[in-house]
Amino acid sequence: MRLTCDAVVIGAGMVGAACALYASRAGLDVIVVDRGPVAGGTTGAGEGNLLVSDKEPGPELELALLSGRLWAGLAGELGDRIEYEPKGGLVVAAGPEGLAALERFAAGQRAAGVLAEDVAADRLRDLEPYLAPGLAGGVRYPQDAQVMPALAAAHLLRAGGARLSTGRTVTEVLRDAGGAVRGVRTDRGDIHAPAVVNAAGTWGGEVAARAGVRLPVLPRRGFVLVTEPLPRRVRHKVYAADYVADVASDSAALQTSPVVEGTAAGPVLIGASRERVGFDRSFSLPAVRALAAGATRLFPFLSGVRAMRGYVGFRPYLPDHLPAIGPDPRAPGLFHACGHEGAGIGLATGTGRLIAQVLSGRTPELDLTPFRPERFGEEAL
Amino acid sequence: MNPLELADARPGPAFTVTFDGRELVALPGQTVAAALWAAGVTSWRTTRGEGRPRGVFCGIGVCFDCLVTVNGRPNQRACLVPVEPGDAIRTQEGTGHDD
């Protein structure tokens, strides 16, 4: 491999793959490096949510809407291979107060460009025949969709044509005497490039530190339960309205609000526990028990279905729950594309597009100010 | 050579189970997979996508390839489930669930 290029992308997960795809299509020569395999970190432990439904109006929602359009475009060339399913989301409320809050939330989203249809209680089971009786109502979000994240990362990497070097650890981001980035040092030699993209997900803070800048990316642990394969019984991404509050929460304690969805392969995924316990991978029975109980409240038939396995991952969050996207003025030539918390699969395409635009010297189509990586101040590393 | 002799095994009395309605002899302590293998059956499931035959692959409960329907309950790992007298074991097609 010729070890010079226009941009090095650190991280062969979903976000790195999308950055590589759009940067390559913008005409840049890109090398993707990862210390592990493709989709070996946060991506491989995700659910593949492409959601607008859980986002309040603001910069993250704008990024989600842009990303959703780009995913729909990619689906034309890669759809079946990445198990893209534009299935829509259905958010349900158990009681009248929750429903009123959900409908207010949806009204705000509609004003920001989200498609959101109120669903009366007696219509819920037309959409989801196996849903529990007695729910107060819900909102359907036709723009919510799903991909299989590991397949999506792999196929986007392949489609982009960027060179890929896995099992290669970046030990340092190289900078010249003036502070400008000039490539990366790895355990298998240097790669020279005028631009380096930090798409290291949960480990984005470590990569930033190797460039001498601070980016406070922290892990939030999440479990996902996988059932035995079933015929298609859950049609949408279905979740309880409390999920939105949990995502936005600053609490360190365990939070579970089940997101239930069928997959193309047959198993039902039950996701969305969140807790701050550092990089502790140990299995948590309370977390998966709460997920299973919550999912069974939404879909009573699940009580007779076996959970085959569970998996765990670390959602990379930043203190204000927005990702870091764009150039880092503290290290010219360094760009960040990480910290998407539990939304990184969905937000990957928009992030990749924006990174490709700034790498090519163009004006990004969304304002990057809310995502600027230096917004957390300059305390010591 | 009889494998029971290799391990100096002295299992309790044999009993019968059924596989797709056909009577098979099983021994106490065997798993469903062991009983099927001992009876010469190596495939008891077809895949969801293309209907390909499947039986034991890992044999230790990890791969979920050997799923089988036992007493009406689908998706049991044949390599882990102890066989019991009178078990009705059935070939599993697809997800093993109706509709």
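Naming convention: chains lettered A, B, ... in sequence-line order (proteins, then strands); numbering from 1 in each chain. When reading the values below, keep in mind they use all heavy atoms of this one structure, side chains included, and skip hydrogens, waters and symmetry mates.
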Engineer: Looking at A:Arg158, I'd like to know if its CZ atom is crowded, meaning that more than 12 non-hydrogen atoms belonging to other residues, nucleotides or ligands lie closer than 6.0 Å.
Structural biologist: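 It does not: A:Arg158 CZ has 12 such atoms or fewer within range.
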Engineer: Does atom CG of A:Asp80 have more than 12 heavy-atom neighbours, drawn from other residues, nucleotides or ligands, at distances under 6.0 Å?
Structural biologist: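 No, the 6.0 Å shell around CG holds no more than 12 heavy atoms from other groups.
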Engineer: So which heavy atom on A:Leu230 is nearest to which on B:Thr95, and how close?
Structural biologist: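 Minimum heavy-atom separation between A:Leu230 and B:Thr95: C-CG2, 3.6 Å.
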Engineer: Tabulate, in ascending numerical order, the residues of residues 302-309 of chain A having at least one heavy atom closer than 4.5 Å to a heavy atom of chain B, or enter 'none'.
Structural biologist: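 Residues of residues 302-309 of chain A touching chain B at under 4.5 Å: A:Arg306, A:Met308.
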Engineer: Looking only at heavy atoms, which of residues 73-89 of chain B get nearer than 4.5 Å to chain A?
Structural biologist: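 Contacts with chain A: B:Arg73, B:Pro74, B:Asn75, B:Gln76.
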Engineer: Tell me if a side-chain donor or acceptor on B:Arg48 pairs with a main-chain N or O of A:Ala265 at a distance below 3.5 Å.
Structural biologist: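 Looks like yes, one N/O pair under 3.5 Å.
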Engineer: Just how far is it from atom NE2 of B:His97 to atom CD of A:Glu228, taken to the nearest 0.5 Å?
Structural biologist: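 Between B:His97 NE2 and A:Glu228 CD, I get 3.5 Å after rounding to 0.5 Å.
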Engineer: How would you list all residue pairs meeting side-chain hydrogen bond (donor to acceptor under 3.5 Å, both in side chains) that involve residues 35-44 of chain B, not counting sequence neighbours?
Structural biologist: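 Counting only pairs at least two positions apart or across chains, no side-chain hydrogen bond (donor to acceptor under 3.5 Å, both in side chains) contact touches residues 35-44 of chain B.
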Engineer: With a 6.0 Å cut-off (strictly less than), is the heavy-atom count around CZ of A:Arg123, excluding the residue itself, greater than 12?
Structural biologist: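 No - once you tally the heavy atoms of other residues, nucleotides and ligands closer than 6.0 Å, there are 12 at most.
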Engineer: Considering only residues two or more places apart or on different chains, which pairs with a residue in residues 5-19 of chain B satisfy side-chain hydrogen bond (donor to acceptor under 3.5 Å, both in side chains)?
Structural biologist: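 Of all non-adjacent pairs touching residues 5-19 of chain B, those that pass side-chain hydrogen bond (donor to acceptor under 3.5 Å, both in side chains) are B:Asp8-B:Arg10.
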